[in-house]
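In the text below, chain A, chain B and the rest are named by the order of the sequence lines, each starting its count at 1.
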Amino acid sequence: MSVLPTIQIQNLNHSFGKGNLEKPVLVDINLEIYPGEIIILTGPSGSGKTTLLTLIGALRSTQSGSLKILDRELHGASSKQLVKTRSQIGFIFQSHNLLKSLTAWENVTMPLKLQPQMKNRKALAIEILNLVGLGDRTHYYPDNLSGGQKQRVAIARALVANPQLILADEPTAALDSHSGREVVQIMQNLAKERGCTILMVTHDNRILDVANRIIHMEDGCLIS
Amino acid sequence: MKNIGKFLTMRERPLAWAQLSHQKTRMAVAMGGIAFANVLIFMQLGFVNLFAGGATVLPENLRGNLFVMNPESKYISANTFDRTLLYQAAAFEGIVSAEPLYIGIGNWAYNKEQISYNTRVFAYNPKIKIFDLPEVNRQQLNLSEPFTFLFDRLSRPELGPIPEQIETKSSASAFLNNRQVSVRGLFSLGSSFFLGDGNVVTSDSTYAEIFGTAALNNVAVGIIHVRPGTDLVALKQGIQKHVPGLEALTYKELKEKELKYQDENPTSVIFGFGAAMGFVVGVAIVYQVLYSDVSDHLSEYATLKAIGYSGRSLLLVIFQEAALLAVLGYIPGFIATIGMYRLLTVLTRLELLMQWDLALSVFLLTLLMCLLSAAIASNKLHSADPADVF
């Protein structure tokens with residue numbers, strides 16, 4: 001394949017604690033994910049899924065091995081480079097993590113504000129809120145939205161800056177099956193439309209069908 | 001650095017304002033706390049100004065080239081010196097006149113049934129002009145008549161309705177040290193803590209009648225006028241060298257001496273301390289508010305870090321909140337202070353005035369107070385770990 005992988009991981013190891021208390025969390029991880037793929041990462045809790053996700057998301061420093069995101073090596077990267085990498089990734093969290101003091105559209109503009117030269121942020125935010133079906137809720141505060149609506153605002157926030165990579169951690173965990181399905185459907189459609197890669201951690205068996213590939217993880221190792 | 005401007009230049013609500021205004025009660029508490037600290041600082045600094053202002057009222061209204069005093073005197077009329085020393089000093093080349101100003105404390109009563117109040121009595125030869133007060137200079141020839149006085153209309157009202165009577169009848173009578181005296185005119189010098197309850201001006205001969213002839217030997221200030229072109233510094237040094245027991249001061253030095261006394265005076269220190277306490281109270285309140293604001297929004301700030309915001313840009317949000325609070329709290333504090341100043345002026349007749357330099361320095365103190373609190377509170381921001389949001 002001549003296309004550059006969005007995520008390229010080689011011999012990645014990670015452990016928590018020091019000395020006698022050192023406990024490996026990730027053991028010799030090798031993984032390549034290509035543009036446009038939707039990957040679901042499953043596995044029991046404590047298997048290292050979230051740690052892997054935070055490493056890929058540049059939220060943690062890489063300890064050993066190689067981790068390339070969007071063709072940028074994160075092993076040994078400065079915290080400034082990590083911050084820059086994060087701004088190019090769309091994040092969707094288990095709980096929506098919206099800012100309570102901001103309205104839906106203001107929340108969606110937050111990633112856009114990282115690009116000071118960008119104009120009509122509001123128009124972009126409202127456009128994408130329309131796409132996730134919240135065109136009539138743009139001026140609502142998170143407290144006045146249902147769980148599913150909040151998660152849809154969070155998806156809009158993750159997608160608004162057109163990231164090439166979206167990382168999602170159990171995006172449906174707090175939702176009922178109907179709105180969970182809806183949220184994943186929206187993610188899948190928008191990803192396909194915009195050609196972005198999605199890496200999703202989930203326990204939710206009902207949504208496994210959206211994946212191109214399912215990766216299972218156990219005791220810090222990947223099992224294909 | 002590019003990122004720093006983004007909260008300021010965008011057209012949406014600044015995040016700092018959204019975070020602050022979202023919790024109205026907390027914002028009101030913060031504004032109230034800052035306003036309270038402001039009033040405290042304003043009152044204390046107002047008192048300090050009042051003292052310092054009161055201190056220079058007298059020297060500012062004296063007219064002369066050189067002033068001689070007892071060297072041990074820490075402020076005007078604290079100690080007196082013998083009149084013969086002034087005559088010795090007057091012999092120096094270049095001196096046109098050297099006139100004694102007597103300052104005594106008398107008991108003033110509007111009528112015999114009333115309690116008497118301490119009043120400062122200024123006395124000098126009414127043929128020469130020693131005050132820089134046009135009203136005094138215009139009317140002082142009337143003082144040649146025995147037992148006549150000019151009365152400071154800014155004296156405390158307890159000294160009697162003398163200004164009103166002068167306006168209607170052009171003269172009023174009162175008692176000074178149990179001697180009946182007649183008031184023939186008014187002037188404005190001002191009373192303060194420092195100047196006592198009231199001021200009256202009379203001739204040296206009336207002064208001698210009331211306080212005894214010996215009182216004329218005790219001069220408070222000798223006021224020297226010189227020929228134009230006289231070297232004041234040389235004259236000053238000459239007097240101090242050849243007339244032991246006299247200190248000669250220029251107009252500027254006389255004012256500085258009074259201010260220096262005020263600065264060393266415990267009252268200034270006490271009020272300065274009060275102002276510092278107000279500042280500390282303000283820091284504590286704003287810190288509390290900003291700290292709980294950061295704690296409550298910790299997961300939100302961690303989220304912002306996760307989506308690519310730098311720690312510095314979030315720090316900027318906290319400092320913007322602090323600056324907003326400073327402005328929002330200062331406004332009610334300023335308004336409340338003006339009310340308090342008016343009330344105290346009515347109650348005490350001491351003129352507490354809002355001055356621009358005071359208003360500006362308190363505003364800058366408020367800003368400093370809020371930014372200092374923000375600096376302490378923002379430590380908490382470091383515990384917002386973006387890796388925790390998953």
Side-chain angles (χ1 to χ4, degrees), chain A residues 49-61 79-80 82-103 105-122 125 141-143 154 157-158 160-161 163 167-170 201, chain B residues 1-27 30 289-290 292-318 320-321 324 381-390:
Chain A
K49 303 185 301 289
T50 302
T51 307
L52 182 59
L53 207 60
T54 54
L55 282 169
I56 294 170
L59 302 172
R60 260 179 224 290
S61 302
S79 62
K80 207 172 168 186
L82 291 181
V83 169
K84 187 151 174 37
T85 305
R86 281 180 223 157
S87 70
Q88 292 168 349
I89 299 173
F91 289 95
I92 299 168
F93 309 96
Q94 185 170 344
S95 60
H96 53 84
N97 284 7
L98 298 174
L99 271 68
K100 279 188 183 166
S101 67
L102 299 180
T103 60
W105 77 264
E106 284 174 324
N107 263 296
V108 175
T109 58
M110 288 315 284
L112 299 178
K113 285 185 197 163
L114 291 167
Q115 306 162 27
Q117 72 284 2
M118 174 164 264
K119 302 230 160 55
N120 37 343
R121 290 192 284 250
K122 185 174 183 177
Y141 284 96
D143 282 347
R157 177 176 67 182
V160 71
L167 299 178
D169 186 31
E170 312 220 25
V201 167
Chain B
M1 281 311 283
K2 253 193 292 173
N3 283 357
I4 300 293
K6 66 178 165 274
F7 290 112
L8 301 168
T9 53
M10 62 188 200
R11 274 149 57 209
E12 299 93 1
R13 286 189 303 167
L15 181 59
W17 172 243
Q19 297 284 62
L20 263 187
S21 59
H22 194 63
Q23 271 149 324
K24 300 272 189 304
T25 322
R26 180 177 291 166
M27 189 166 85
V289 168
L290 288 177
S292 39
D293 186 75
V294 175
S295 309
D296 286 3
H297 296 122
L298 208 56
S299 68
E300 297 184 353
Y301 291 131
T303 306
L304 288 178
K305 277 189 185 177
I307 66 175
Y309 280 81
S310 64
R312 203 164 50 175
S313 60
L314 295 182
L315 216 57
L316 190 74
V317 173
I318 307 299
Q320 281 179 331
E321 285 189 34
L324 273 170
L381 206 56
H382 296 307
S383 58
D385 184 356
D388 287 345
V389 292
F390 275 123

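The part of Ile92(A) that comes within reach of chain B is its backbone (N, CA, C, O), which places non-hydrogen atoms under 4.5 angstrom from that chain. Both the backbone and the side chain of Leu102(A) come within contact range of chain B, each with at least one heavy atom under 4.5 Å from a heavy atom of that chain. Of the two parts of Lys100(A), the backbone and the side chain both hold a non-hydrogen atom closer than 4.5 Å to a non-hydrogen atom of chain B. For chain B, no part of Leu82(A) is nearby; none of its heavy atoms comes within less than 4.5 Å. Heavy atoms of Leu20(B) lying under 4.5 Å from chain A are absent altogether.
With rounding to the nearest 0.5 angstrom, the CG atom of Leu98(A) is 10.0 Å from the CZ atom of Phe93(A). For the atom pair CG (Asp385(B)) and NZ (Lys305(B)), the distance works out to 7.5 Å, reported to the nearest 0.5 Å. The distance from atom CD of Glu300(B) to atom CG of Asn107(A), rounded to the nearest 0.5 Å, is 8.0 Å. To the nearest 0.5 Å, the span separating OG on Ser87(A) from CG on Leu112(A) amounts to 11.5 Å. Separation of atoms CD (Glu321(B)) and CG (Asp293(B)) is listed at 4.5 Å; rounding is to 0.5 Å.
Gln94(A) pairs in a side-chain contact (heavy atoms from CB on, under 4.5 Å) with only one of the listed residues (Val201(A), Asp169(A), Thr50(A)), which is Asp169(A).
Along residues 52-60 of chain A, the residues that come nearer than 4.5 angstrom to chain B, judged on non-hydrogen atoms, are Leu53(A), Thr54(A), Leu59(A), Arg60(A) in order of number.
For the residue pair Gly308(B) and Val83(A), the shortest heavy atom distance occurs at O-CG1, 3.3 Å. For the residue pair Gly90(A) and Pro163(A), the shortest heavy atom distance occurs at N-CB, 3.5 Å.
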